[in-house]
Amino acid sequence: IRRDYPKAEIYNNAPPKIIYTNKPTSLVIPDGEPKIKKDKDLDAERVLNTPTLIFKEGSQWNMYVGGIWYKSNSVTSGWTAEKSMSKKVSSINDQIKKQEKESNDGKASTEKPEITEIVVSTVPAEVIQSKGEATYKNIEGTNLSFVSNSPNNIIKDNATGTIYILIAGRWFKSASFNGPWTFNEPDKLPADFSNIPEGSEKDNVLASVAGT
């Protein structure tokens with residue numbers, strides 16, 4: 001928002017890198033190219049410019065995401081779940097689990113961690129995902145449908161086949177999940193968006209539809 005003209009709101013509406021996947025996926029975003037430095041506490045090289053713990057032991061990188069350890073020969077790709085932990089990883093894992101327990105009022109988490117695909121992006125990115133192939137369900141009273149097996153807001157205009165996704169209050173559209181994605185002004189959505197009924201499974205998007 002510009003301070004010299006308070007009413008002239010200037011936003012960067014360039015789409016982030018949008019990655020569609022039909023498998024459970026975790027997104028890790030370093031702030032730019034990985035910055036690697038020796039960490040005295042870990043006694044290992046570590047990627048500093050990400051909140052995700054990524055450190056090196058020998059020639060192997062180790063990453064902790066969502067309760068699971070992953071390994072790779074490269075920071076930016078090739079991550080797979082570790083089948084067995086080295087002594088060092090096991091020791092760090094014990095410390096992390098202890099911290100997690102303390103921050104959970106002394107109780108160990110009962111949720112079973114899920115192994116996911118790992119995507120590392122050095123540029124701003126968003127993952128949109130479905131559990132298996134995207135399944136569309138019609139939105140009552142409209143010519144729109146939504147992906148019912150996704151945690152994301154993915155809506156298709158059945159008339160044109162255009163796919164619209166809502167990310168952080170902004171709409172982007174594409175002819176397919178492969179992109180390219182372009183920003184869509186909230187007041188330039190297909191008219192049927194304003195016909196999404198309140199109380200329907202997708203009425204949460206109405207806050208981002210102009211005039212509703």
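All values below were derived from every heavy atom in this structure, side-chain atoms included, with hydrogens, water molecules and symmetry-related copies excluded. Everything numeric in this text was worked out from a predicted model, so none of it was measured.
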Considering all heavy atoms, the nearest [X]-[Y] contact:
X	Y	answer
F183	R170	CE1-CB, 4.0 Å
K88	D43	NZ-O, 3.4 Å
L27	A125	CD2-O, 3.5 Å
T50	I29	OG1-O, 4.1 Å
A175	I163	O-CD1, 4.4 Å
M85	S90	SD-CA, 3.8 Å

Can you tell me how far apart [atom1] ([X]) and [atom2] ([Y]) are? Round to the nearest 0.5 Å.
X	Y	atom1	atom2	answer
N153	I167	CG	CD1	10.0 Å
T25	I128	OG1	CD1	11.5 Å
D187	S194	CG	OG	11.5 Å
R46	N62	CZ	CG	12.5 Å

Are [X] and [Y] close enough that some pair of their side-chain heavy atoms sits under 4.5 Å apart?
X	Y	value
N204	K202	yes
E57	S86	yes
I118	V65	yes
I92	W69	yes
S145	I155	no
F55	V89	yes
Y136	N158	no
T182	S174	no

Heavy atoms from other residues, nucleotides or ligands near NZ of K98 exceed 12 (cutoff 6.0 Å): no
Less than 4.0 Å between a side-chain N and a carboxylate O, is that true for D157 and K173? no
Give the intermediate values and the outcome of side chain to side chain contact (heavy atoms under 4.5 Å, CB included) for residues I165 and N152. CA-CA 8 Å; I165 57 173; N152 307 107; over 6 Å; no
Pair Y64, T52 - check side chain to side chain contact (heavy atoms under 4.5 Å, CB included), show working. CA-CA 7 Å; Y64 184 78; T52 305; 6.0 Å; no
What's the verdict on side chain to side chain contact (heavy atoms under 4.5 Å, CB included) for W79 and V119, showing C-alpha distance, side-chain angles and the deciding distance? CA-CA 8 Å; W79 291 97; V119 171; over 6 Å; no
Yes or no on side-chain hydrogen bond (donor to acceptor under 3.5 Å, both in side chains) for N93 and Q95, after CA distance, side-chain angles and deciding distance? CA-CA 5 Å; N93 183 64; Q95 292 171 45; over 6 Å; no
Just checking, any donor-acceptor pair under 3.5 angstrom between side chains of T160 and T162? yes
Against the six-membered ring of F146, is K137 placed for a cation-pi contact (under 6.0 Å from the centre, within 45° of the normal)? no
Go through the steps for Y70 and W61 under the test ring-ring contact (aromatic ring centres under 6.0 Å, His included), then give the verdict. CA-CA 8 Å; Y70 298 85; W61 288 96; over 10 Å; no
Start with the C-alpha gap between S26 and T116, add the side-chain angles, then the distance that decides, and say whether side-chain hydrogen bond (donor to acceptor under 3.5 Å, both in side chains) holds. CA-CA 6 Å; S26 300; T116 67; 2.8 Å; yes
Checking side chain to side chain contact (heavy atoms under 4.5 Å, CB included) for the pair I54/V28: CA distance, chi angles, key distance, verdict? CA-CA 10 Å; I54 307 173; V28 176; 4.3 Å; yes
What is the ring orientation for F177 with Y20, classed by angle as parallel under 30°, tilted 30 to 60°, or perpendicular over 60°? parallel
